[in-house]
*Asks:* 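Got a structure for you, questions after.
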2 protein chains.
Amino acid sequence: MATGRTHRPATRSRGIPEATVARLPLYLRALTALSERSVPTVSSEELAAAAGVNSAKLRKDFSYLGSYGTRGVGYDVEYLVYQISRELGLTQDWPVVIVGIGNLGAALANYGGFSARGFRVAALIDADPAMAGKPVAGMSVQHTDDLEKIIEENGVSIGVIATPAGAAQQVSERLIAAGVTSILNFAPTVLSVPEGVDVRKVDLSIELQILAFHEQRKAGEEAAAAAAGGSSVGGAAPAAAVVPPAGRSAAETRKGGPEGDVPAVMPA
Amino acid sequence: MATGRTHRPATRSRGIPEATVARLPLYLRALTALSERSVPTVSSEELAAAAGVNSAKLRKDFSYLGSYGTRGVGYDVEYLVYQISRELGLTQDWPVVIVGIGNLGAALANYGGFSARGFRVAALIDADPAMAGKPVAGMSVQHTDDLEKIIEENGVSIGVIATPAGAAQQVSERLIAAGVTSILNFAPTVLSVPEGVDVRKVDLSIELQILAFHEQRKAGEEAAAAAAGGSSVGGAAPAAAVVPPAGRSAAETRKGGPEGDVPAVMPA
DNA sequence: ATGCCTTTGTGAACGCGTGCACAAAGATTG
DNA sequence: CAATCTTTGTGCACGCGTTCACAAAGGCAT
C-alpha cells in the first residue's frame, strides 16, 4: 500500500477512524464488482472475504457510517455503494493536476481509474520547456510557469507530484500557495507542509526494502532451522554473506548515484 | 504510502516491530543524504526532523537494532547507514521480476532507484506475444510462458505485479509456485496467497479516495464554519450537491467501465 | 580530575485498532 | 402467530504503537 499520511495524526474526522477510511475504498471496489454482477445483497462475511479483511472489522467499520445492514439478511449492495461513495466524496468531481510528466507522470496520466472514481485530470504540468505542448494521454503538457493559473481556473484542490525529489518541496509550496490542500507525493522526499494540508506518500523503493527485510528474515530462519535443529530461533546466521562492518563506505558506493533523486520512476 | 501488508500481522520479526521496519528505509534515505554531504554524526533530533518523525520514536526504533549511538554526541552516520542497510537486507543482491509491462510496468523498469538499493531487475515479463522481444529500459521483454524458468534460473524471490487486476491472482500463483515469496502488487485486487508469502499493495486509486475524503471533510467544516457560527461542527451540509440516495444506479454509472480492471496505470 | 552539558536509551502511561463473542433484531417457515 | 434461524451491531479485552519524561552515560572544558 501506499504509505502513511502526514499531519492530522489522531484527528478522527467526524468520528470515522483513519484506519476505517483507508479501508472504505477496498469495500467500495468489492461492492462495485458485486453490483456489476447484479448481486442484490451481501453478508458481512462474504464482503469481508472479498475485501480481504475480518468480518467483525468490516461490520464495525460500517457501524461508523450508520446502520445500513439488515439483520438476518446482510447489506444492500447498491445502497452501500452509494453511501460509501458519498462518504468518500466520490459523488462530486475532483479535478487534479499531475506535476512532473516523466515516465511515472505519463503513466499516471494514462490511468483509466481516475475518471471512473470521480477524479478528473485537469492538467499535466512539467518544468521542462521541451515538454510543453507535447501530447500525453490525449492532453497537452503545460509549463510550470502557468501552474498557479491552472490551479485557480480549474478549482483544483488535489495535486499529484511525480517530479524528482529535488523539485518536490518547491512544487508542493507552489501548489499549496495556489490553493491545493491535498497532495499525493510520489517523489522520495519528506514534504513539509503547513497544517491543514494532507499529504500521502507512495514510495516504491520503501516498499521493496520492506519486502527485502522480510525476505532476509525468512531466509535466515530457514537456514537456521535447516542447520541446527536446536532452539536458536533468532535471526542468527543469515544465509548470504554480509560485508564486514567497517570495510565499506556507503558514501563511496552511493555517491552521485540515482540516490533518492527521482520518484518511483525516472521522470524525463 | 503504499498501503498495508498482508499476512504476518502481529509476527514481530526478530523482535523488530513492523512499524519500525517500515520507517527504516526513511531513516536510511536521510542518512544517505547526510553521508553524501560528509556529515560525520547526527543527533536523533536532527535525523528525526529530516525523516519527518518524532525524535523519541526514532530513538526507540534504533534501540531495537541495538545501541549504535553515543550519548552526548549522536549517531555515527556511516555506521548507521551500514547497520540499517544490513538489517534491511540491502547488503545483498535481490533479483526481481516485473510482470505486466504496460505503462506502469515500463515506468517501473526505468526506475533508477532499483539498482541503487541492491535490487536488480532480472527480467520483464508480459503475456502479450507482441511485447515479447521488445526492448524496454534496455532489456528485452520476455513472454509469460517462460516465467517459471526465469524465476528459477535467476533465483528470484521478489516479484512485482503490474498486470490488469484480472490477471494478478493467476500471475501471483505462478510466481509463488516457481519460488517467489514476496510480492509487490500494483494491481487493484486482493491477492490471496499461502502463508509465508508477503504481499505489499500499492494502489493509486485508494490513495486518491482517501485524500478526497479528507478534502470533502475540510470543505464541509469550512462551509459549516462560514455559514453558521454556531456549534454544529459535524459533517453536516457538505459544500457540493449530492445525488439523492435512490435516484441513482451505481451499476449504470460504472458498468463496463475501466472499473478496477487495471492497476494504477494502464498496461499496454 | 572534576563538574557541566548534551544526548541517548528506556520505563511507563495512554490511545488506537483489532478481534472475540454474544445479545438484539429481523426474516422466514410451518 | 410462534418458533427458529441467520446475521448484524457492539461491549469488552488485549496488544501494538506512540509519546512523555527522565535517569544514565559519555564528551568536553576548565
Side-chain angles (χ1 to χ4, degrees), chain A residues 1 3-24 26-27 31 34 39-77 79-80 83 210, chain B residues 1 3-24 26-27 31 34 39-77 79-80 83 210:
Chain A
M1 88 190 178
T3 324
R5 48 163 165 47
T6 320
H7 280 276
R8 312 202 161 256
T11 313
R12 275 202 194 171
S13 326
R14 153 107 159 282
I16 301 182
E18 189 63 29
T20 295
V21 172
R23 279 188 295 267
L24 290 182
L26 230 54
Y27 302 145
L31 284 164
L34 292 171
V39 177
T41 59
V42 258
S43 68
S44 62
E45 204 72 47
E46 293 167 327
L47 186 54
V53 302
N54 184 296
S55 69
K57 194 188 295 185
L58 179 142
R59 287 197 299 275
K60 183 152 288 189
D61 283 342
F62 285 175
S63 77
Y64 291 115
L65 310 183
S67 293
Y68 297 144
T70 307
R71 292 169 192 238
V73 176
Y75 298 90
D76 182 280
V77 172
Y79 188 60
L80 205 46
Q83 288 298 343
I210 295 171
Chain B
M1 92 184 176
T3 323
R5 48 166 165 45
T6 319
H7 280 275
R8 312 203 161 256
T11 313
R12 276 203 194 170
S13 325
R14 153 106 159 281
I16 301 182
E18 189 62 30
T20 296
V21 172
R23 281 188 294 267
L24 290 182
L26 230 53
Y27 302 144
L31 284 165
L34 291 171
V39 177
T41 59
V42 259
S43 67
S44 62
E45 204 72 47
E46 293 167 327
L47 187 55
V53 302
N54 185 296
S55 70
K57 193 187 293 185
L58 179 142
R59 286 198 300 275
K60 182 148 287 190
D61 283 342
F62 285 175
S63 78
Y64 291 116
L65 309 183
S67 293
Y68 296 146
T70 307
R71 294 171 192 236
V73 177
Y75 298 91
D76 181 281
V77 172
Y79 188 59
L80 205 46
Q83 288 299 343
I210 295 171

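Lettering of chains follows the sequences in order, A, B, ..., and the numbering in each one begins at 1.
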*Asks:* Would you kindly give the CD-to-C1' distance between B/Glu18 and D/dC16, to the nearest whole Å?
*Replies:*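 Checked: the CD to C1' distance equals 12 Å.
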*Asks:* Looking at residues at least two apart in the chain, or sitting in another chain, which of them share a side chain to side chain donor-acceptor pair (under 3.5 Å) with B/Thr41?
*Replies:*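 Per chain and number, B/Thr41 pairs via side chain to side chain donor-acceptor pair (under 3.5 Å) with no residue.
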*Asks:* Between atom CD in A/Glu45 and atom P in C/dA21, what is the gap in whole Å?
*Replies:*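 Spelled out: CD on A/Glu45 to P on C/dA21 is 14 Å.
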*Asks:* At under 4.0 Å, does any side-chain N or O of B/Ser44 touch on OP1 or OP2 of C/dT8?
*Replies:*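 So the side-chain polar atoms of B/Ser44 do come within 4.0 Å of the phosphate oxygens OP1 or OP2 of C/dT8, strictly under.
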*Asks:* Which residue is it: B/Leu26, B/Val42, B/Val39? I am looking for the one with a side-chain contact (heavy atoms from CB on, under 4.5 Å) to B/Leu31.
*Replies:*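 Going through the options one by one, the only one that passes is B/Val42.
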*Asks:* Below 4.5 Å, heavy atoms only, C-beta onward: do B/Ile210 and A/Glu18 meet side chain to side chain?
*Replies:* yes
*Asks:* At under 4.0 Å, does any side-chain N or O of A/Asn54 touch on OP1 or OP2 of C/dG17?
*Replies:*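 Negative; the distance criterion is not met.
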*Asks:* Take atom CG of B/Leu58 and atom P of D/dT19, then tell me their distance rounded to the nearest Å.
*Replies:*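 Computing the B/Leu58:CG to D/dT19:P distance gives 12 Å.
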*Asks:* If you only use heavy atoms from C-beta on, which nucleotide in C/dA21, C/dG9, C/dT18 is closest to the side chain of A/Lys57?
*Replies:*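 Shortest atom-to-atom distance from the side chain points to C/dT18.
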*Asks:* Over its full length, what angle do the end axes of the helix from C/dA1-D/dT30 to C/dG30-D/dC1 make, each axis taken from five pairs and the result rounded to 10 degrees?
*Replies:*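 The end-segment axes of the helix from C/dA1-D/dT30 to C/dG30-D/dC1 are tilted 10° relative to each other.
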*Asks:* Side chain of A/Ser43 only, heavy atoms from C-beta on: which candidate in D/dT7, C/dG19, C/dT8 is closest?
*Replies:* D/dT7
*Asks:* Is there any protein nitrogen or oxygen under 3.5 Å from a nitrogen or oxygen in nucleotides 22-24 of chain D, and what are the pairs?
*Replies:*
from   : atom 1 : to      : atom 2 : distance (Å)
D/dA24 : N3     : B/Arg71 : NH1    : 2.7

*Asks:* Just call it for A/Tyr75: base, sugar-phosphate, or nothing, with non-hydrogen atoms closer than 4.0 Å on any strand.
*Replies:* sugar-phosphate
*Asks:* Nearest heavy-atom pair of B/Tyr64 and B/Gly15: which atoms, and what distance?
*Replies:*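 Closest heavy-atom pair between B/Tyr64 and B/Gly15: CD2-O, 3.8 Å.
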*Asks:* Is the phosphate of D/dT7, meaning OP1 or OP2, less than 4.0 Å from a side-chain N or O of A/Tyr68?
*Replies:*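 No.
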*Asks:* Judged by each residue's nearest nucleotide on DNA chain C, which is more toward the 5′ side, A/Thr20 or B/Gly72?
*Replies:*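 Of the two residues, B/Gly72 wins.
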*Asks:* Could you tell me the separation between the CG atom of B/Leu65 and the C1' atom of C/dT10, rounded to a whole number of Å?
*Replies:*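 Whole-Å distance recorded here is 15 Å.
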*Asks:* Rounded to the Å, how far apart are A/Tyr79 OH and D/dT8 P?
*Replies:*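 Value for this atom pair: 16 Å.
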*Asks:* Could you write out each protein N or O paired with an N or O of nucleotides 11-14 of chain C at a distance under 3.5 Å?
*Replies:*
from   : atom 1 : to      : atom 2 : distance (Å)
C/dG11 : O6     : B/Lys60 : NZ     : 3.2
C/dA12 : N6     : B/Lys60 : NZ     : 3.0

*Asks:* What is the distance, to the nearest angstrom, from the CG atom on B/Leu47 to the P atom on C/dT7?
*Replies:* 14 Å
*Asks:* Rounded to the nearest 0.5 Å, what separation is found between the CG atom of A/Leu47 and the CG atom of A/Leu58?
*Replies:* 5.0 Å
*Asks:* List the atom pairs, donor and acceptor, that lie under 3.5 Å between side-chain atoms in residues 65-74 of chain B and the rest of the protein, sequence neighbours left out.
*Replies:*
from    : atom 1 : to      : atom 2 : distance (Å)
B/Tyr68 : OH     : B/Leu65 : O      : 3.1
B/Tyr68 : OH     : B/Gln83 : OE1    : 3.0

*Asks:* In chain order, what residues pass the ring-ring contact (aromatic ring centres under 6.0 Å, His included) check against B/Phe62, with sequence neighbours excluded?
*Replies:*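 Only B/Tyr27, B/Tyr75 meet the ring-ring contact (aromatic ring centres under 6.0 Å, His included) criterion with B/Phe62.
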*Asks:* Return the set of residues passing side chain to side chain contact (heavy atoms under 4.5 Å, CB included) with A/Ser55 (not counting sequence neighbours), or none when no residue passes.
*Replies:*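 By the side chain to side chain contact (heavy atoms under 4.5 Å, CB included) rule, A/Ser55 matches A/Ser44, A/Glu45, A/Ala48, A/Arg59.
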*Asks:* Mind calculating the distance between CG (B/Leu80) and C1' (C/dT8) to the nearest angstrom?
*Replies:*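 So the CG-C1' distance, B/Leu80 to C/dT8, works out to 13 Å.
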